[in-house]
Amino acid sequence: MATEAIGEIWNSTVREEMVQVQKTRRDFEGDFTIVVFPLLRITKQSPEQTAEVLGRKLEEMSGLIAGTNVIKGFLNISVSHQYWKDLLAGDLRDPLYGRSPVTEDAPQVMIEFSSPNTNKPLHLGHIRNNLLGHSVSKIVEAAGNRVHKVNLVNDRGIHICKSMLAWKEQGNGETPESAGLKGDHLVGRYYVQFDTTYKAQVKELVGQGMSKEEAEAEAPLLKSAREMLRSWEADDPVVRRLWEMMNGWVYAGFDETYKRLGISFHKTYYESDTYKLGRTIVLEGLEKGVLYTREDGSVWADLEAEGLDHKLLLRSDGTSVYMTQDVGTAHQRYEEYRFDSHIYVVGNEQNYHFQVLSIVLKKLGFPWAERLYHLSYGMVELPEGKMKSREGTVVDADDLMDEMEATARQMSEELGKLEEYGEEEKQRIYRQVGMGALKYFILKVDPKKNMTFDPRESVDFNGNTGPFIQYTYARIRSVLRKGADIDKSVASGDLEEKEASLIRMMYEYPETVREAAGTYNPSLIANFLYELTKEFNQFYHDHSILSADKPEQVSMRLLLAEVIGQVIESGMDLLGIEVPKRM
RNA sequence: GGUCCUGUAGCUCAGUUGGACAGAGCAACAGCCUUCUAAGCUGUGGGUCCCAGGUUCGAAUCCUGGCAGGAUCACCA
């Protein structure tokens, strides 16, 4: 509309992007602002004049505009309160507001996340991965795509053999039941056990005069692990049985952790099934001349034209490497799903890998290579530095969740809330609040950034946190319970500025969801929710809802509260966070 | 050394396609619970947006060059 107005006044055509419409900043009056600086070349007038003239024209043209004001080169437009009221009584009441329907022929998005190793329990880094993957799946789905969540379990290899070996030699038949431990923790313990014994052996060999490198390669324990891997690959039934048993323990443990985190997958792939994939494709590429062979028989891709190095694709013994497998699984998944895009949620330490993967697939002639997207996230660091499993400085996922819930309980008891509720309901609320704090803390940060996590202080329950948003939601539920018999359909009181501002904020929700889906960035939604919640809290503080002056005003404010509750619920759902009805 | 990412208040982080005096929370200090939940609200203090150039009416944002931190460059996954 603004473009038309400009056309009429100054008799020239302007392109859409020359007219910048944005949200008016808080300290100025108005809802939307047009920045007129780009238009000056057309208008040949001062910024103030241009804005004045344009403002008057727009007021004439549209009944929705209640007024305009000009400050420097900024034309602030106030939208009529009637417009906001209509929005409140209309679109905003839809529980699916902000979400696009997923149709039969909607684009298909495949998203791979979690991807754990079966030799140790999940830690804080995995939590970030899992939460991101889960939330992005929800967001992408809310934007109208068909989403397939998949997990690729790294269940084979020398590292798995290490814990198997340690258990075999020193485990005395211990099981999760006999040890009273989650299976993944038990297996993780043997992985550490291996490392300890291995280091002792290396030290001893060095003491006997061996060089460190030599000792590391010659330590009998490592040799046994290699031997075990060979037996595994040769399908040795004894080794396979041990492998299946111990992996079974780990899966049971992971399932528990996943359940607690609230995440799930449509399909799980296992590397033991896929590790040979990709070989055929690579050999075809070799025939086509896209790849080359070295003297020893190994197969390589030359990526120097792309500014990268040479990359190994098949070992000299003809076996696959990680890259080869990923080429294979991507191909397999494309054949299976014909995905329109494929997101890999993997830490930024693998940026190079995914850069290469995409190039190699393109070289091999797959047009869908461009549809792969690496959602790369930063590391989670502790105040004292990086987490190192060998130094015991990892934050275990299960322990962390325990702590969060315990803190939620302690907090709640100190505040003396929930006293009249049953133990079961209390438990549920502690869980929701504790997990809400954890999830929100991680998701509110831009994925690509490294973040520091202080288990003692960082995860707070005040301020820009999950519990703050949950708390606001609980208050909304409370006021709705008390006003349950008030008719919300007669909502027609006058809108105060703060109320209009809340509606305007919600007006931006759908765009925020779209943007978050386009950039795979849940933090946009988290920060949006915080802004909205904070604004509502302020409103709630100095405006009474149930005892407003006029009945229609009570009705309107209740409706407003209800709608905000819905948006919070919807947004938190996209983050994978539950909202308690009371807390 | 090559490539990629990051650098904003004491700390943890926001900052929309370049726009108005750079924002929150935590921490510190001062207030507010007989009234819909005080996990809340109000106020005060706190900034060379890493540095230097450039583009622009306008730069935390874009470009170039530095500096600092992180990741990565395996016949590991």
Side-chain angles (χ1 to χ4, degrees), chain A residues 17 20 22-28 33 35 37-38 40-41 47 71-74 76 115 117 154 156-160 271 275 294 296-300 306-309 311-317 319 321-323 325-326 347-353 355-356 376 378-379 381 383 386 408 411-412 414-415 417 433 437 441 444-446 448-454 457-458 460-472 474-483 508 511-512 515 523-524 526-527 530-531 534 537-538 540-548 557-558 561 582-583:
Chain A
E17 60 267 24
Q20 297 179 31
Q22 51 197 250
K23 218 169 37 170
T24 300
R25 288 183 72 107
R26 198 166 295 236
D27 353 286
F28 298 93
T33 296
V35 185
F37 290 107
L40 299 184
R41 260 184 310 182
I71 296 164
K72 291 195 260 177
F74 300 90
N76 298 323
S115 315
N117 288 340
N154 182 351
R156 62 164 287 280
I158 188 79
H159 52 294
I160 310 294
E271 251 182 50
Y275 79 107
R294 284 189 185 171
D296 59 5
S298 56
V299 179
W300 296 73
E306 284 81 9
L308 303 173
D309 299 329
K311 183 73 194 177
L312 176 88
L313 290 174
L314 287 179
R315 295 190 187 99
S316 49
D317 64 4
T319 56
V321 293
Y322 180 43
M323 182 61 67
Q325 290 172 43
D326 260 356
N348 63 9
E349 71 270 15
Q350 293 195 36
N351 285 356
Y352 180 74
H353 173 79
Q355 199 184 346
V356 171
S376 159
M379 313 184 56
E381 287 163 7
K386 265 179 273 185
M411 193 78 124
S412 179
E414 273 172 23
L415 293 169
K417 302 197 173 191
V433 174
F441 182 82
K444 77 172 173 185
V445 180
D446 186 335
K448 70 169 177 276
K449 288 189 174 178
N450 286 359
M451 61 185 293
T452 42
F453 182 94
D454 188 334
E457 296 171 17
S458 283
D460 218 313
F461 289 69
N462 307 311
N464 186 0
T465 64
F468 172 78
I469 296 171
Q470 290 173 317
Y471 169 71
T472 308
R475 290 215 294 201
I476 288 174
R477 297 309 307 176
S478 167
V479 85
L480 289 175
R481 275 194 296 275
K482 295 196 169 137
E508 284 159 24
E511 202 188 312
T512 306
E515 204 182 331
S523 80
L524 299 179
N527 288 298
Y530 177 62
E531 294 296 326
K534 194 180 161 194
N537 251 303
Q538 290 167 357
Y540 191 91
H541 184 258
D542 41 34
H543 295 74
S544 48
I545 291 177
L546 294 174
S547 52
R557 286 181 180 172
L558 266 180
R582 45 175 66 96
M583 66 183 269

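Order of the sequence lines sets the chain letters (A, B, ...), proteins ahead of strands, with each chain counted from 1.
Side-chain contact check for A:Arg294 and A:Ser298: no donor-acceptor pair (N or O, by modelled atom type) lies under 3.5 Å.
In this structure, CG of A:Leu312 is placed 9 Å from C1' of B:rA74, rounded to the nearest angstrom. When the P atom of B:rG23 is taken as reference, atom CG of A:Asp446 falls 21 Å away, rounded to whole Å. Look at CE on A:Met451: it is 11 Å from P on B:rU12, rounded to the nearest Å. Note: CG (A:Asn537) to P (B:rU42) measures 9 Å, nearest angstrom. In this structure, A:Asn464 places its CG atom 11 Å from C1' of B:rC26, rounding to the nearest Å. Taking atom CZ of A:Phe468 as the reference point, atom C1' of B:rG40 lies 7 Å away to the nearest angstrom. In this structure, A:Tyr471 atom OH and B:rG40 atom P are separated by 7 Å, rounded to whole Å. The distance from atom CG of A:Asp460 to atom P of B:rA27 is 6 Å, rounded to the nearest whole Å.
Each of A:Asn76 and A:Thr472 lies near RNA chain B, and the nucleotide nearest A:Asn76 is the one positioned closer to the 5' end. Checking A:Glu381 against A:Pro467, the closest nucleotide of RNA chain B that is more toward the 5' end is the one next to A:Pro467.
Side-chain contact between A:Asn527 and A:Asn464: present, with at least one pair of heavy atoms (C-beta onward) separated by less than 4.5 Å. With a 4.5 Å cut-off on side-chain heavy atoms, A:Arg477 and A:Arg582 do not count as touching.
Spacing of P atoms, B:rC11 relative to B:rC49, comes out at 16 Å, to the nearest Å.
Classified by interplanar angle (parallel below 30°, tilted 30° to 60°, perpendicular above 60°), the ring pair A:Phe453/A:Phe441 is perpendicular.
The aromatic ring of A:Tyr530 does not sit over the base of B:rA24, since the test of centres under 5.5 Å and planes under 30° is not met. Residue ring and base: A:Phe37 does not count as stacked with B:rG58 (centre distance below 5.5 Å and interplanar angle below 30° not both satisfied).
Residue-level contact check: A:Thr33 touches the bases, meaning some heavy atom is under 4.0 Å from a base atom.
Syn is the classification of B:rC33, since its glycosidic angle stays within 90° of 0.
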